[in-house]
Amino acid sequence: MSFPRLIQSSDEITNYVLLALLKGCGRLKALRHGKCVHGMILKHGFRSHLPIMTSVLDMYSNCFRLQEARKIFLEIERPDAIVINGMIAAYFRCYRPSDAVGLFYDSPSKDVGTWNSVLSGLVRISNNYEALRFFKQMVCVGEKSDVITLVTVLSACGSLAASCNARQIHGIVVKHGHEKHIPVGNAIIDMYAKVGEIEDAYIYFKNTELKNVITWTSLIVGYGKHGLGIEAIATFQQMVIAGFVPNKVTFVGILSACSHAGLVRQGLEIYRCMTEIYGIEPEMIHYGCVVDLLARYGQLEEAWKFITTMPVQPDSEMWTSFLSSCYFHKNKEFSKIAMEKLLELNPEDAGSYVLLSNVCSWIGDLEGVAKARRWIMNKGIVKTKAQTWIEIDRTVHGFESGGRSHPNYDIIVKYLGDLLERIKAVGYVPNIDIVVQNVDDNLKEEMIRNHSEKLAIGFGLINTKPGTRIVIVKNLRVCSDCHAAIGFISKMEGREIVARDSTRFHRFRDGKCSCREHW
DNA sequence: GTAGGGTTAG
């Protein structure tokens, strides 16, 4: 039903119609239409209808209109838990966490949803560590969690990349008997993949009978993040055989898996499948994957042809990805074009300024270099620092690139120096930049207790089990090959090292990243 | 049948 018709025929306005309209306006962020519906609500006397007023609040919240949402909230005489939860969500959505938490503690009526609102709000603003602490508090005061709590906590845990927490939360899920809920299972698979335990993600996947398209997609995405392109493709094929229909997210996952594993031919074939067999209209993100797939492996002409024949205009991310491939493959002609396009579109992104400065310096455009540096200075653009976390004895330790703030810094440096001497003594030559972050006494004790050695190298820690052959990759930053700065090494298995950056894992064998295995 | 808080994405 169209708006004009609805407005003219008052006899058709029911609370159900209004609720549906509000939901639609919120989803589409259609503020103007939403205000119109709000007006109708007032005109037709639904002012004291609690579900409707909750939905009005939520509509404004979805449109990021905090003042309007708050006004509605204050006008509601006796707000129940659901209204309060909506207001908490609105505060988080508009980056006002302290107001949200304040409302939580002031609120007289709380239900599990109130706790969940804060929990998911913290995850929304990427404060996953606080989210985990909040969940602990929830457990301590005896508040019972539901499936939504667990899905949210599992997601926080995955983002924190703390595998000890991961197992604990998984344990809680089993204890509460929530494993049968598919989104919970999906969140478990996603979490294990994100904390580096792709085998555990697979084991859970294999053992659960309850699967939907997201279950399969989560595993495929997980394989992609681990550079395991062949496994991602195999899973995709099994998914199709099992009768599940891949959606647009599945294709983003599989295409990026192919791209990061160098499976160009297979990736293009899958892209063809997506459009021709599944009839999925490609979105910018899919086009971006294809451009990346081609350009990353040097097929710059093909990538260029693809870009110029796409039915949509490339966005700045696509130009950044293309430019970084052109730079990597040392193609000046395309680099210049991509750089111009990028400058037209994207004056804000810190990452591209750094790339631009590098490209200018390479092609000898000293003026460009100076300009890029001036922009960085003037705009106060700061490249986001690499961060990582690790959990020791239930405490999550955060690390920041270049951070030297730990009180025991000197002791740690000495400990690592000694350890390196021992490594050299058994015949390995560590040829890497060692940047000690911070390690505390608990960690040191843990090392002694397990007869294991944890090395803080690069941005984080290496964990070696007794008897593991220590292989130092010649240069930890070798993976700038695949356009990624390496974060920390999460595993060493024989001659294989698994390292991660902020988005995915890289497998190195003899100093060569799996991203380049299939060239 | 009416409202809030949750899972997959370069």
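To find a chain, count down the sequence lines: A is the first, B the second, and so on, and within it residues start at 1.
The interatomic distance linking A:D146 (CG) with B:dG5 (P) rounds to 13 Å, in whole Å. If you measure from atom CD1 of A:I169 to atom C1' of B:dG6, you get 15 Å, rounded to the nearest angstrom. Protein atom CZ of A:R124 is 8 Å distant from nucleotide atom P of B:dG5, rounded to whole Å. Atom P of nucleotide B:dG10 and atom CZ of A:F322 are separated by 21 Å, given to the nearest angstrom. Atom pair A:H49:NE2 and B:dG1:P shows a separation of 15 Å (rounding to whole Å applied). Summarising the geometry, the separation between CD1 on A:I84 and C1' on B:dA3 is reported as 13 Å, rounded to the nearest angstrom. Remark: P of B:dT7 and CD1 of A:I148 are 9 Å apart, rounded to the nearest angstrom.
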Please assess A:K305 against A:E302 for the test salt bridge (Lys or Arg N to Asp or Glu O under 4.0 Å), listing each intermediate value before the final yes or no.
-> CA-CA 5 Å; A:K305 214 182 280 170; A:E302 288 82 352; over 6 Å; no

A:N186 vs A:T215, side chain to side chain donor-acceptor pair (under 3.5 Å): CA-CA, chis, key distance, verdict | CA-CA 5 Å; A:N186 296 347; A:T215 321; 2.6 Å; yes

Kindly indicate, with the supporting measurements, whether the criterion salt bridge (Lys or Arg N to Asp or Glu O under 4.0 Å) is fulfilled by A:K71 and A:E75.
-> CA-CA 6 Å; A:K71 192 160 173 283; A:E75 279 168 8; 3.3 Å; yes

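Look at A:K225 and you'll find a side-chain N or O under 4.0 angstrom from OP1 or OP2 of B:dG10.
Using the six-membered ring where Trp is involved, A:H49 and A:F46 have ring planes that are perpendicular, over 60° apart on the 30 and 60° scheme.
Contact annotation: side chain of A:N186 to base of B:dT8, donor-acceptor pair absent below 3.5 Å. Judged by atom type and distance alone, A:T54 reaches the base of B:dA3 through a side-chain donor-acceptor pair under 3.5 Å.
Listed by first and then second residue, the side-chain hydrogen bond (donor to acceptor under 3.5 Å, both in side chains) pairs that reach into residues 238-253 of chain A are A:T217-A:T250, A:N247-A:T250, A:K248-A:E283, sequence neighbours excluded.
Of the possible polar contacts, none joining the A:H33 side chain to the A:L28 backbone as a donor-acceptor pair under 3.5 Å is found.
Less than 4.0 Å separates DNA chain B from at least one heavy atom of each of the following residues of residues 110-120 of chain A: A:D111, A:V112, A:G113, A:T114, A:N116, A:S117, A:S120.
Distance from the side chain of A:Y16 is smallest for B:dT2 among the nucleotides B:dT2, B:dT8, B:dA3. Considering only side-chain atoms of A:P51, the nucleotide from B:dG6, B:dT8, B:dT2 that sits closest is B:dT2.
Among the protein residues, A:V249 comes within range of the nucleic acid bases, having at least one heavy atom under 4.0 Å from a base atom. Using a 4.0 Å heavy-atom cutoff across all strands shown, A:N15 reaches at least one base atom of the nucleic acid.
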All N/O donor-acceptor pairs, side-chain side in residues 227-237 of chain A, below 3.5 Å, sequence neighbours left out:
residue	atom	partner	partner atom	Å
A:T235	OG1	A:E231	O	2.7

